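What follows is one structure encoded as structure tokens, with my remarks underneath.
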Amino acid sequence: MPVALYAEFTAKPGTEDRVADMMAELTERVRAEPGNVVFDPHTRRDNPRAYFVYEIYRDEAAFQAHITAEHSQAFNAELGGLIEEDGSQLSWLAPAAGTAPQQAPA
């Protein structure tokens, strides 16, 4: 069963460039993980320091591989000092009743 979530955090004033660089590097690495299906970071239009990252992993094992990967651990360790929250705020998602995940076009 796929694992879907979103992560939110807000870069502290003055850390925007470093956080943006970190997100660009992390995005490239996570998208190369064999169990990653979607990794889409966004910033809010009204507050570009506020990040929203939508993520889907093939299954729980793929998600565990992601969070224990060296690049993920290094990212989270550095991010902690650069954001307003105590860490990324995670929200776990499930498909809405009566729906199925959208399939990629063939």
Side-chain angles (χ1 to χ4, degrees):
M1 176 166 212
V3 173
L5 68 138
Y6 65 88
E8 293 182 279
F9 58 86
T10 307
K12 291 178 181 176
T15 68
E16 299 93 343
D17 290 344
R18 178 63 188 141
V19 172
D21 289 346
M22 290 170 58
M23 280 304 305
E25 181 179 334
L26 182 70
T27 298
E28 183 178 327
R29 290 182 177 214
V30 173
R31 288 178 176 173
E33 293 174 7
N36 177 255
V37 177
V38 173
F39 190 86
D40 283 338
H42 300 269
T43 57
R44 290 179 53 135
R45 287 184 180 183
D46 63 344
N47 181 3
R49 292 186 304 111
Y51 281 80
F52 176 96
V53 185
Y54 179 60
E55 307 175 46
I56 301 177
Y57 299 88
R58 181 184 61 237
D59 53 26
E60 183 63 30
F63 177 71
Q64 291 301 319
H66 162 69
I67 62 171
T68 59
E70 185 177 324
H71 57 264
S72 295
Q73 296 216 354
F75 174 86
N76 286 322
E78 184 175 353
L79 186 69
L82 302 175
I83 61 175
E84 294 178 354
E85 301 81 6
D86 289 334
S88 293
Q89 307 301 299
L90 304 181
S91 295
W92 303 98
L93 305 173
T99 69
Q102 183 177 358
Q103 300 297 314

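Treat the numbers as computed from the prediction; the structure is a model and nothing was measured.
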Exercise for the section: Walk me through it: do Val38 and Tyr54 pass the test side chain to side chain contact (heavy atoms under 4.5 Å, CB included)? Expected result: CA-CA 7 Å; Val38 173; Tyr54 179 60; 3.8 Å; yes
Problem - Worked check of side chain to side chain contact (heavy atoms under 4.5 Å, CB included) between Val53 and Phe39 - result: CA-CA 7 Å; Val53 185; Phe39 190 86; 3.6 Å; yes
Exercise for the section: Run the numbers on Glu85 and Thr10 for side chain to side chain donor-acceptor pair (under 3.5 Å), then give the verdict. Expected result: CA-CA 7 Å; Glu85 301 81 6; Thr10 307; 3.1 Å; yes
Handout entry: Worked check of side chain to side chain donor-acceptor pair (under 3.5 Å) between Tyr57 and His66
Key = CA-CA 9 Å; Tyr57 299 88; His66 162 69; 3.2 Å; yes
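Between the OG1 atom of Thr15 and the CZ atom of Arg49 there is a distance of 7.5 Å, given to the nearest 0.5 Å. The CD atom of Glu78 lies 14.5 Å from the CD atom of Gln73; values are rounded to the nearest 0.5 Å.
Contact annotation: the side chain of His71 approaches that of Leu26 to within less than 4.5 Å [non-hydrogen atoms, C-beta and beyond]. Put simply, the side chain of Tyr6 reaches to within 4.5 Å of the side chain of Glu8, judged on heavy atoms. At a threshold of 4.5 Å between non-hydrogen side-chain atoms, the residues Leu79 and Ser88 count as touching. Here the side chains of Leu82 and Arg18 are in contact, with some heavy-atom distance below 4.5 Å. Counting heavy atoms from C-beta outward, Asp40 and Phe52 have side chains that stay 4.5 Å or more apart. Side-chain contact between Glu55 and Pro41 is absent, with no heavy-atom pair separated by less than 4.5 Å. A 4.5 Å side-chain heavy-atom check between Pro2 and Ile56 finds at least one atom pair inside the cut-off.
In the hydrophobic clustering of ILVMFWY residues, with side-chain heavy atoms under 4.5 Å counting as a link, Val37 and Val3 come out apart. Taking hydrophobic clusters as Ile, Leu, Val, Met, Phe, Trp and Tyr residues chained together by side-chain heavy-atom distances below 4.5 Å, Met1 does not share a cluster with Leu93.
Heavy atoms of other residues, nucleotides or ligands lying less than 6.0 angstrom from CG of Asp17 number 12 at most. The number of heavy atoms from other shown groups lying within 6.0 Å of CG (Asn47) is above 12. The environment of Arg44 atom CZ is sparse: at most 12 non-hydrogen atoms of other residues, nucleotides or ligands sit within 6.0 angstrom.
Within the 3.5 Å criterion, the main-chain N or O of Ala11 finds no donor-acceptor partner in the side chain of Glu16. Between the side chain of Thr68 and the backbone N or O of Gln64 there is at least one donor-acceptor pair closer than 3.5 Å.
If you look at Phe9 and Tyr51, their ring centroids are closer than 6.0 Å.
Smallest separation of non-hydrogen atoms from Arg45 and Pro48: O-CD, 4.4 Å.
The pair Glu25-Arg29 meets the salt-bridge criterion, with a side-chain N (NZ, NE, NH1 or NH2) lying under 4.0 Å from an Asp/Glu carboxylate O.
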